[in-house]
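Reading through the structure tokens given below for one structure.
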Amino acid sequence: ASLAQHMSTLVVMATGLGKTVVISKVADSWRNGNVLCLAHRIELVDQMADTLEGELGYRPVIEQGERGMDMDSMFASGHVVVGSIQSMITERRLRKFKDHPFGLIIIDEAHRATSPSYVKLVDRYRELDPQCRVMGVTATPNRTDETALGLVFDSVAYEMGIVEGIDSGWLVDIHQKYAVVEDLDLSKISSKRNQFGEMDFTPAELETLLSQEGPLHGMSRPVLDCTANGEQAIIFTASVPHAHLWAAVLNHYRPGCASAIDGTMAKGDGQPRTEIVRAFKGGDLQFLLNYSVTVEGFD
């Protein structure tokens, strides 16, 4: 209804409330041209395609890297394409879809939509179809740089926060568990304001301390103790090297339990980063360690 009245609209839903399912439902019901669903990392592109497949009854084509649509089978309306912003913004992709432009662009993690690449993409596809609508979905509409999403979106179609989600029974309640590290002294690490304006440890000093052998073993033991029944965990580390060092120590105590991923690792079927994530999601890996990889949008 909002897209019928506005050129763009935003859906705000807390993590876990099913933003990708909403994307699937809207894409499946859209009849005014083809649909482009955008994500910004390969894991999110593939994850979105998997969810869309369950809703649409067919696997949408992925436009990312060398993967792409055979344009001989592309029609004027009804096709759903999942693409990475990095691929879809290229001149080659823009030329490719010139004859069959998109009537709806759906932006996952839409708090990113004010960045130049997203603005350029929307502008270029609206040159091809001036009636192209844009829908964004996000759990975090407040950007850390305070740039207003109102610059991109004309309206907010729907909003449900985490507390309402829990109270309404759509989300489980939060249960916090502590793994206490007795022999870790953080008192000598200086503090400074982080990207959110909060006082936090200085990253370089924190990495130096936590990458030492004593702290690595000291942090591993309580983590292993509180997951003795096989509970899985995503572990966020102080840096990329720290992720790989900590995974090695965890594997020393419990062989084969942990792997680390980072942005330099090869992605795609059969490649290390994709296979590690697949093993974790399949329950074959207990601990997935990373630094700024399995963050926003990771299912």
Side-chain angles (χ1 to χ4, degrees), residues 1-13 18-40 44-64 67-138 149-158 297:
S2 185
L3 287 171
Q5 299 175 24
H6 303 281
M7 294 297 293
S8 59
T9 197
L10 188 66
V11 174
V12 181
M13 296 172 69
K19 291 183 291 297
T20 311
V21 176
V22 171
I23 290 173
S24 303
K25 297 291 188 183
V26 173
D28 188 35
S29 63
W30 189 258
R31 295 294 179 267
N32 299 319
N34 297 308
V35 180
L36 171 62
C37 301
L38 280 176
H40 68 281
L44 304 188
V45 169
D46 290 331
Q47 183 175 283
M48 187 186 297
D50 290 341
T51 304
L52 281 162
E53 183 177 10
E55 296 292 333
L56 299 173
Y58 65 90
R59 187 168 180 78
V61 173
I62 293 176
E63 289 283 341
Q64 184 272 325
R67 296 183 288 179
M69 164 73 80
D70 175 7
M71 296 310 291
D72 290 338
S73 62
M74 186 77 163
F75 303 105
S77 185
H79 268 94
V80 178
V81 174
V82 179
S84 69
I85 180 63
Q86 296 87 349
S87 292
M88 295 304 298
I89 198 60
T90 62
E91 290 299 324
R92 181 169 72 88
R93 255 34 182 255
L94 290 165
R95 290 194 303 269
K96 179 177 180 178
F97 289 96
K98 182 178 180 181
D99 293 332
H100 296 296
F102 298 101
L104 174 64
I105 297 173
I106 301 178
I107 302 175
D108 192 21
E109 307 302 338
H111 48 276
R112 294 174 170 269
T114 60
S115 66
S117 57
Y118 284 91
V119 173
K120 176 186 174 183
L121 183 141
V122 170
D123 287 345
R124 291 294 296 274
Y125 280 112
R126 278 188 172 156
E127 289 175 7
L128 300 175
D129 180 2
Q131 293 303 310
C132 177
R133 298 298 204 261
V134 177
M135 184 180 89
V137 294
T138 182
L149 288 184
L151 296 173
V152 177
F153 299 101
D154 301 329
S155 63
V156 176
Y158 184 77

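All residue numbers in this chain count up from 1 along the given sequence.
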side-chain hydrogen bond (donor to acceptor under 3.5 Å, both in side chains) between S24 and T51, worked out: CA-CA 7 Å; S24 303; T51 304; 5.8 Å; no
Nearest non-hydrogen partners of [X] and [Y], listed with the distance:
X   : Y    : value
C37 : V80  : SG-CG1, 4.1 Å
L3  : V134 : CD2-O, 3.7 Å
H6  : S155 : CD2-OG, 3.4 Å

For [X], give me all partners under side chain to side chain donor-acceptor pair (under 3.5 Å), at least two apart in sequence or on another chain.
X    : value
T90  : none
S8   : D154
K96  : E63
Q131 : R133

With Y125 via ring pair (Phe, Tyr, Trp, His ring centres under 6.0 Å) - residues at least two apart: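 Only F102 meet the ring pair (Phe, Tyr, Trp, His ring centres under 6.0 Å) criterion with Y125.
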Is any side-chain heavy atom of [X] closer than 4.5 Å to a side-chain heavy atom of [Y]?
X    : Y    : answer
L128 : K98  : yes
F97  : M88  : yes
V137 : I23  : yes
V35  : V81  : no
I107 : R112 : no
H100 : H79  : no
V26  : L104 : yes
L121 : I85  : yes

Value rounded to 0.5 Å, distance of CG in L38 from CD1 in I106: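 L38 atom CG to I106 atom CD1 measures 9.5 Å (nearest 0.5 Å).
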Interatomic distance, L52 atom CG to I62 atom CD1 [nearest 0.5 angstrom]: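 CD1 of I62 is found 9.5 Å from CG of L52.
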D46: salt bridge (Lys or Arg N to Asp or Glu O under 4.0 Å) partners, not counting sequence neighbours: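 Result, salt bridge (Lys or Arg N to Asp or Glu O under 4.0 Å) vs D46: R67.
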Residues in side-chain contact (heavy atoms from CB on, under 4.5 Å) contact with [X], at least two apart in sequence or another chain:
X    : result
K120 : I89, E91, R124
S84  : V45, Q64, Q86, S87
T138 : L10, V12, A110, H111, T140, P141

Residue pairs involving residues 51-60 (criterion salt bridge (Lys or Arg N to Asp or Glu O under 4.0 Å); sequence neighbours excluded):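 Listed once each, the pairs are K25-E55, D50-R59, E53-R59.
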